[in-house]
Novice: 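There's a structure below that I have some questions on.
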Amino acid sequence: MNRREVLRSAALVALATPFAGNRWTMALAQDGARIFTLAYPTGFPDLDPATSFSNDGAVLANVYESLTRYIPGTDGAPATVNPLLAESWETSADGLTWTFRLRAGVKFHDGSDLTAEAVKGSIERTITIAGGAAFIWYAVTGIAAPDPQTVVFTLSSPQPLDVIAASGFAAWIISPAALDKDNAWFNAGNGAGTGPFTLDRYEPGQRVILNRFAGYWGGAPEGGFDTVAFEIVEDAVLDQSMIEGGQADWTYGLPYENLEALQANPDLSVLVNPSFETLFGMYNTKRAPLDRPKVRQALSLAFPYDDVIMAGTSGMGSRAMGVIPNGIWGHDPAAPVPNTDLDAARALLAEEGLADSGLELVMTYATSDQLESTAGELWKANLAQLGITLTLQPMAWEAQWQLAKADPATAQDIFVMYWWPTYVTPYDYLLNLFHSEESPVYNLGYYANPAFDALIDEAATLSGTDRARAEAMFIEAQRMVIADAAAVFMLDKPNIHIIRSDIKGYKDNAAYGHVVFVNDLNR
Amino acid sequence: MDLARYILRRALLSAFVVMGVTFLVFVVAQVVPSDPAALYAGPRPNAEQIEKARVTLNLDAPLPERFARFAVSMATGDFGVSYKSRRLISQDLRVYLPATLELAVSSTLLALLIGIPAGVATAARQGSWGDRLGSLGSILAVAMPTFFFAMLLQMIFASWLGILPLSGRLSREISISDPLPFITGFNLIDAMLAGRPQVFVDALWHLILPALTLAAYPAGIAMRLTRSAMIDILSRRHITAARALGLPERRILYGHALRNAVGPALTMIGLSFAFALTGSVLVEIIFAWPGLGRYVSDSILSKDFPVIAAATLVVTVCYVLMNLVIDLTQAVVDPRVALK
Amino acid sequence: MSVLRRLGLGGSLGLAVILTFALLAVAAPLLAPYPGQGMGDPNVTAKLTPPSAEFWLGTDHLGRDLLSRVIYGTRVSMSAGLMIVAVSLLVGLPVGLLAGYFGGWVDEALMRVTDVFLAFPALLLAVLMAAALGPGLLNSIVAVSVTWWPWYARMARAEVLVLRGQPYVEAARLMGVSHPRILIRHILPGAARPLLVQAALDFGPALLTASALSFLGLGVLPPTADWGKMVDEGRKFFPDRWWVSTAPGVAIFLLALAFSVLGDALRGREGGKRDDPS
């Protein structure tokens with residue numbers, strides 16, 4: 001046998017590995033543990049329940065619990081606030097005092113009992129640290145614990161505290177033993193909640209492992225899961241291969257274009273629901289020529305709403321009726337939003353002396369956000385027909401934001417971003433995005449309208465006591481913003497989750513973003 | 001003593017270069033358009049939270065003071081915390097650095113294992129079909145864009161044939177239910193130390209595709225270098241003499257000729273390793289390899305300055321050390337190098 | 001004909017491919033089947049169509065004809081490769097000339113700065129620079145050039161060291177010819193020649209580096225067509241809808257391959273026999 005033959009046979013052996021022909025799987029002795037695996041497309045930056053304000057809520061919602069839980073309305077059924085750690089609650093006639101009665105027999109993971117002092121301590125810790133979404137408690141002036149099962153909140157203005165307490169951020173109740181722990185302790189993978197799972201292991205950037213908490217007050221469903229594995233896989237291509245291959249039970253964030261093929265796969269269910277996330281572009285109302293409402297209206301008339309929904313979300317998104325998405329009270333299904341109409345846009349521009357003016361505008365958006373980029377590219381093509389050049393400027397979010405917060409005169413013309421609510425109220429959208437501000441934080445179109453400000457501020461104080469009137473006022477305020485064309489309301493994002501078909505008991509809850517309450521599930 | 005002076009000079013130069021790199025990274029970071037305070041304050045912060053972060057991070061201090069702090073923290077290996085995750089960077093590096101080194105070392109070995117024998121074989125049979133095929137292969141390997149090659153390998157070996165895993169360092173079954181204890185961070189070594197042959201095989205299998213991607217380019221170069229060096233050496237007088245003396249051809253090839261090729265081989269190691277460190281930025285993203293390359297590109301995209309600085313510095317120090325070791329080895333093997 | 005004979009079969013093929021791409025770049029509006037889509041106009045109704053008679057290479061996620069996109073992308077890739085090499089030469093050559101000619105502390109200072117830039121893994125520094133400068137074709141060219149010029153500086157310096165000792169340079173210096181004159185008239189021509197050959201060889205690698213940056217999202221602004229970015233855009237449809245990434249991926253490969261083959265042919269002629277050092 002000469003050298004060449006040796007090489008040739010070596011190559012043959014290499015090709016004929018014992019794995020040939022089979023999908024790569026590691027033959028492992030399964031110990032029969034029931035594992036629910038989430039292929040999660042983002043990391044979890046902060047596991048401190050006081051300051052978490054991101055997707056880390058997905059982990060925390062299985063480890064910690066809040067006093068109440070928000071269930072969005074579906075198909076005409078009104079939204080409800082359900083008991084969780086609180087069994088019942090009542091508010092005084094003026095809406096300034098809220099009394100919560102706690103569930104009995106609830107244990108923290110460290111074995112201690114849930115008491116009113118623990119609730120008071122948790123929320124006070126959150127307020128003191130003042131990070132993340134702590135502002136949701138801004139109206140709270142005092143928390144009292146008259147007896148171990150009763151917590152009383154006093155407020156400076158009437159607020160829907162039952163909804164606030166259901167927030168997916170800054171509302172978690174932690175064990176008294178953990179009250180003096182710092183941020184690093186929680187982010188080292190320690191937990192101290194009452195939830196159905198305990199935090200077992202945190203490998204930053206890679207995975208979080210939760211194990212069932214045997215002393216959970218709510219028990220476990222038949223066939224429920226022993227272990228929850230959050231596999232952090234920041235690449236949609238790989239998330240998709242995991243859910244298709246059965247290495248994951250749940251995922252989201254896959255390319256819309258691929259969903260049709262997944263829908264045809266009998267092993268998978270693709271759940272498409274409305275989300276509370278809406279995409280819009282705020283016009284720079286402080287700089288010519290976009291300081292003129294008619295010019296802004298013309299741009300909004302040139303936006304290809306249906307094409308962006310088709311091309312950007314494969315038809316799964318929905319028209320944005322103003323800034324408040326479907327499913328949140330204050331949503332206005334009859335909002336007078338513009339439709340794509342290039343002729344009308346051209347006429348408006350001519351009226352303003354801007355027919356084929358060679359106008360140049362800059363739109364900033366977040367780097368690597370495909371939907372924002374698609375919306376920009378399609379809009380750009382339409383505007384080109386009106387003689388307007390739109391420059392698409394992708395930027396890192398902080399850079400985009402810093403530019404916008406500086407001087408409106410040198411900032412972008414159009415600021416594209418998403419908004420989602422911290423807790424479920426229309427005030428959150430309208431206050432942050434369009435209430436006038438001395439130095440802008442999120443009102444990055446610099447919209448200032450005293451009538452609008454007064455209207456939503458009053459509606460906010462009414463929303464704890466007279467929600468119907470508050471809703472009518474919020475809708476009126478929203479119509480002001482639409483008439484002024486303060487922003488182009490591009491679309492409401494769909495909430496799309498992909499789940500293995502053999503998982504039972506799954507329900508989406510748009511109020512909690514991309515959160516899975518694993519204790520509801522079984523296989 | 002020339003050699004001693006050379007070693008000293010090379011070492012001092014390397015130290016200087018690392019300082020220069022530190023300075024350059026700091027300067028570039030000042031130019032990066034971003035607001036570190038907004039990043040540190042977390043997602044969707046309000047104005048007070050940003051102000052607080054600005055104070056915590058000491059961002060309003062004058063530039064020289066900030067550079068001094070930065071240089072000291074880099075020199076002491078206390079890389080501070082990530083603005084984005086607020087985690088200790090040194091903790092992250094402990095996991096990510098071995099992951100990247102494991103990949104870089106494997107791909108270097110693979111490149112040499114493919115490139116050198118192919119170079120020797122083609123040089124021994126100049127002009128044959130095998131030689132031409134080898135040359136063609138090396139040209140293709142050098143022109144292939146790394147990221148596209150990675151995708152092709154994934155498609156063929158993971159999606160179609162299903163004989164190799166698509167991504168990751170270990171099968172998820174292992175990572176979730178029965179993780180490997182963290183000893184050195186090199187999965188192959190840890191699996192052996194933990195006495196788990198199955199995990200060793202699993203880790204090895206996960207290494208193949210990313211290592212192959214990174215090995216293609218240096219293997220092509222190594223083959224060319226070996227081939228031309230061999231042809232050059234084979235034509236020299238002492239080989240002719242050895243042939244005349246009737247020494248077996250194999251001994252001539254590997255004994256006499258290869259010994260003279262240590263220098264080029266070291267060059268090739270350096271080149272492969274450098275390419276692996278560079279290419280890790282692309283390959284680790286595509287293969288979801290939790291290493292430095294992915295860490296640094298994530299941090300660059302999110303403008304997470306302390307991570308950019310620490311990771312860039314660590315990669316660069318690896319690179320500089322590698323070059324230092326190679327140069328010194330070369331000087332010891334062949335003192336003429338030191339004189340140049 | 002004699003040029004082709006000297007280049008050999010491989011080199012001639014390489015040259016032919018490069019000239020074809022150059023033609024595509026120059027005459028893109030005439031040659032692209034859908035010039036508008038090549039420049040970015042969306043065509044939503046045809047999105048992700050597989051290759052067909054209408055769209056030879058299929059369409060992308062906005063329904064744009066990939067053949068037209070690839071043809072327009074030629075402009076970006078060709079000019080990126082050319083500009084990177086040119087900018088690097090413009091910086092590296094003078095630095096190397098000065099360092100080599102004056103020696104001493106000038107040499108020491110310039111070469112230590114060069115060492116710092118060479119100490120970075122190239123792509124890493126390019127990514128860092130691109131992030132600092134922001135996206136855009138020009139910025140990514142600058143970012144890659146920053147990692148590229150030190151090589152030319154080193155080469156130029158080595159060439160100058162040899163030339164400086166040549167009798168005709170010595171003679172000029174003794175005759176009192178000024179430094180700039182000696183540098184420009186007597187040294188530059190000799191030093192530049194091997195550098196220009198090297199620069200021609202570097203086209204392919206420069207192109208690959210630029211496309212890697214663009215793959216990472218640090219290249220051109222949308223909707224400009226760029227190969228690296230197109231491969232990235234198609235990756236999420238890969239391998240089910242393979243054509244989106246494959247068309248631009250193969251284009252990068254072909255052009256880099258052509259440059260590499262042509263380079264080999266050139267080097268084979270230029271290099272000749274090496275002196276035996278022993």
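Proteins get letters first, then strands, A, B, ... in listed order; numbering begins at 1 in each. Hydrogens, waters and symmetry mates play no part in the numbers below; they use all other heavy atoms, side chains included.
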Novice: So which residue, A:G205, A:S52, A:A229, A:P204, ends up with the most heavy-atom pairs under 4.5 Å with chain B?
Specialist: A:P204

Novice: Determine, step by step, whether A:L210 and A:D200 satisfy the side chain to side chain contact (heavy atoms under 4.5 Å, CB included) criterion, reporting the C-alpha distance in whole Å, the side-chain angles of both residues, the deciding distance to 0.1 Å, and the verdict.
Specialist: CA-CA 5 Å; A:L210 312 182; A:D200 177 50; 5.9 Å; no

Novice: Most heavy-atom pairs under 4.5 angstrom with chain B, which of A:R201, A:M242, A:E203?
Specialist: A:R201

Novice: Between A:V208 and A:Y40, is the side chain to side chain contact (heavy atoms under 4.5 Å, CB included) condition met? List the steps.
Specialist: CA-CA 10 Å; A:V208 183; A:Y40 219 87; over 6 Å; no

Novice: With respect to chain A, which residue among B:P179, B:G130, B:A37, B:S82 yields the maximal number of heavy-atom pairs within a distance under 4.5 Å?
Specialist: B:P179

Novice: What part of B:R44 is in contact with chain A, defined as an atom under 4.5 angstrom from a non-hydrogen atom: side chain, backbone, both or neither?
Specialist: both

Novice: Is B:V81 in contact with chain A via its backbone, its side chain, both, or neither, using a 4.5 Å heavy-atom distance?
Specialist: neither

Novice: Could you go through the side chain to side chain donor-acceptor pair (under 3.5 Å) check for A:N265 and A:E244 one step at a time?
Specialist: CA-CA 9 Å; A:N265 183 338; A:E244 285 178 325; 5.2 Å; no

Novice: With chain A as the partner, which of B:G42, B:P43, B:S85 has the greatest number of non-hydrogen pairs under 4.5 Å?
Specialist: B:P43

Novice: Please classify the contact of B:I286 with chain A as side chain, backbone, both or neither, using a heavy-atom distance under 4.5 Å.
Specialist: backbone

Novice: Relative to chain A, which segment of B:K84 carries a heavy atom at a distance below 4.5 Å: side chain, backbone, both, or neither?
Specialist: backbone

Novice: What residue among A:F53, A:Y512, A:Y429 forms ring pair (Phe, Tyr, Trp, His ring centres under 6.0 Å) with A:W420?
Specialist: A:F53

Novice: Which residue out of A:T422, A:V441, A:L238 racks up the most heavy-atom pairs below 4.5 Å with chain B?
Specialist: A:L238

Novice: Can you say whether B:P290 sits under 4.5 Å from chain A via the side chain, the backbone, both, or neither, judging by heavy atoms?
Specialist: side chain

Novice: So which part of B:S175 gets closer than 4.5 Å to some heavy atom of chain A, the side chain, the backbone, both or neither?
Specialist: both

Novice: Less than 4.5 Å to any heavy atom of chain A: does that hold for the side chain of B:Y96, its backbone, both, or neither?
Specialist: side chain

Novice: Would you confirm whether the ring centroid of A:W185 sits within less than 6.0 angstrom of the ring centroid of A:Y202?
Specialist: no

Novice: What's the separation between atom OG1 in B:T100 and atom CD in B:E284, rounded to the nearest 0.5 Å?
Specialist: 3.5 Å

Novice: State which residues pass side chain to side chain contact (heavy atoms under 4.5 Å, CB included) with B:P36; sequence neighbours excluded, sorted by chain then number.
Specialist: B:L59, B:Y83

Novice: So is B:R86 actually on top of B:Y40's ring, under 6.0 Å and inside 45° of the axis?
Specialist: yes

Novice: Given that the side chain runs from C-beta out, which part of B:D298 has a heavy atom under 4.5 Å from chain A: side chain, backbone, both or neither?
Specialist: side chain

Novice: Sequence neighbours left out, what pairs pass salt bridge (Lys or Arg N to Asp or Glu O under 4.0 Å) with at least one residue falling in residues 31-43 of chain B?
Specialist: B:D35-B:R54

Novice: Which residues in residues 394-406 of chain A have any heavy atom closer than 4.5 Å to a heavy atom of chain B?
Specialist: A:A396, A:E398, A:A399, A:W401, A:Q402, A:K405

Novice: Sub-3.5 Å donor-acceptor pair from the side chain of A:Q240 to the main-chain atoms of A:V237, do we have one?
Specialist: no

Novice: Are any of the side-chain heavy atoms of B:V283 and B:W289 separated by less than 4.5 Å?
Specialist: no

Novice: Please enumerate all residues that pass side chain to side chain contact (heavy atoms under 4.5 Å, CB included) together with A:T51, with sequence neighbours excluded.
Specialist: A:D46, A:D48, A:I129, A:N183

